[in-house]
Amino acid sequence: MTIEGVAVHGEFRKWQVDLLINGDQTRDTFIALGEDQVTARGVLAEMDTARYPNGVHVLRLRVVHSNMNYDEYITQVTFDNPQQRGVSSALLTADGKPIHRGGDGEPIIYLTFDDGPSGDTQSILGALARHNAKATFFVLGRSAQGQPDLLQIIYAAGHGIGNHSWSHRKLTGMSEATFNDEVLATQNAIGEHAATCLRPPYGATDPSTYAHATKLGLPVVLWSIDPTDWKLPGAQAIANHVIERAFPGAIVVLHDGGGNRAQTAAAVEIILRELGAQGYRFEAYCR
């Protein structure tokens, strides 16, 4: 596998690439390090995927500043040995600009919304409808319970419905029985449109997360762009973060629950307008 990227910053010190086995932060494997900025897209590292277990893993790029703070960007990769195909993985620049727009990839973006449904979900649905865009809603069981009409509206509009657990507890380290309680209770709350994929709360995963999810037939879906809308930085800031980092196939994590999401709803309008003008389409990931 060839890993390509850009690593620049105004106070650059070094960059480093690591592989997180099954996305587990405690199972990071050093891949490469550089002490010179990579200002144009280039090869950061080559790795033999046969050395690592099959499954969905995470590549992490850290660009370290002179004060030892760092910017971090991740992308998912899937290893399927022994017939592993060579894949170039897109990583983002530390100055917030995309280094890869997918080559021949179709200009599709996957907007996803966590922690709902809530009172702000309808506003987001309205924005999506105005732009003929589809998305995926990763719902919490405790939020979805008792809202079958809203879930039906989401599904009938062509959006995907994903499972985000019942109570938003980290799924890492859970026994299979407890994991199943969290996930299956949410499936029951969703009802007839039960989710076809799972997003662990906080994006926290370990080998057991993938093993338990596989037994339930639910692929684990993380993300590639996170504007941290839950910090309420303002609608324009949320939108700019997504627009500047957009690339074909990107999965964007946003939130329609867990607090006031008016900023997110306003940001969605901007994202759909600006990226739509660039030729992007918005589709459901889990449908």
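Residue numbers start at 1 and run along the sequence shown.
Using modelled atom types, one finds a donor on one side chain and an acceptor on the other under 3.5 Å when comparing D256 with T121.
With rounding to the nearest 0.5 angstrom, the CD1 atom of I109 is 6.5 Å from the CZ atom of F282.
Applying the salt bridge (charged side-chain N to carboxylate O under 4.0 Å, His left out) test to D18 and every residue at least two apart in sequence or in another chain returns R60. Remark: R199 engages D114 in a salt bridge (charged side-chain N to carboxylate O under 4.0 Å, His left out) (not counting sequence neighbours). Applying the salt bridge (charged side-chain N to carboxylate O under 4.0 Å, His left out) rule to K215 yields the partners E176; only residues at least two apart in sequence or on another chain are considered.
A salt bridge between R281 and E283 is present, with a side-chain N of the basic residue lying under 4.0 Å from a carboxylate O of the acidic one. A salt bridge between E4 and R41 is present, with a side-chain N of the basic residue lying under 4.0 Å from a carboxylate O of the acidic one.
Side-chain atoms of H164 never come within 3.5 Å of backbone atoms of L140 as a donor-acceptor pair (strictly under, hydrogens ignored).
Between Y202 and H168, the ring planes lie perpendicular to each other; the angle is over 60°, past the 30° to 60° tilted range. Ring geometry for H65 against H9 counts as parallel: the plane angle stays under 30°, on a 0 to 90° scale with 60° as the upper cut.
Members clustered with L33: F30, by chain and number, using a 4.5 Å side-chain heavy-atom cutoff among hydrophobic residues.
The stretch residues 139-155 participates, sequence neighbours left out, in these side chain to side chain donor-acceptor pair (under 3.5 Å) pairs: Q152-H193.
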Tabulate below the donor-acceptor pairs under 3.5 Å that side-chain atoms of residues 264-271 make, not counting sequence neighbours, or state none.
residue : atom : partner : partner atom : Å
T264    : OG1  : D229    : OD2          : 2.7
E269    : OE1  : H131    : NE2          : 3.0
E269    : OE2  : R130    : NE           : 2.7
E269    : OE2  : R130    : NH2          : 2.3

One pair to check against ring pair (Phe, Tyr, Trp, His ring centres under 6.0 Å): H57 and F79. What are the steps and the verdict? CA-CA 8 Å; H57 309 303; F79 295 169; 4.9 Å; yes

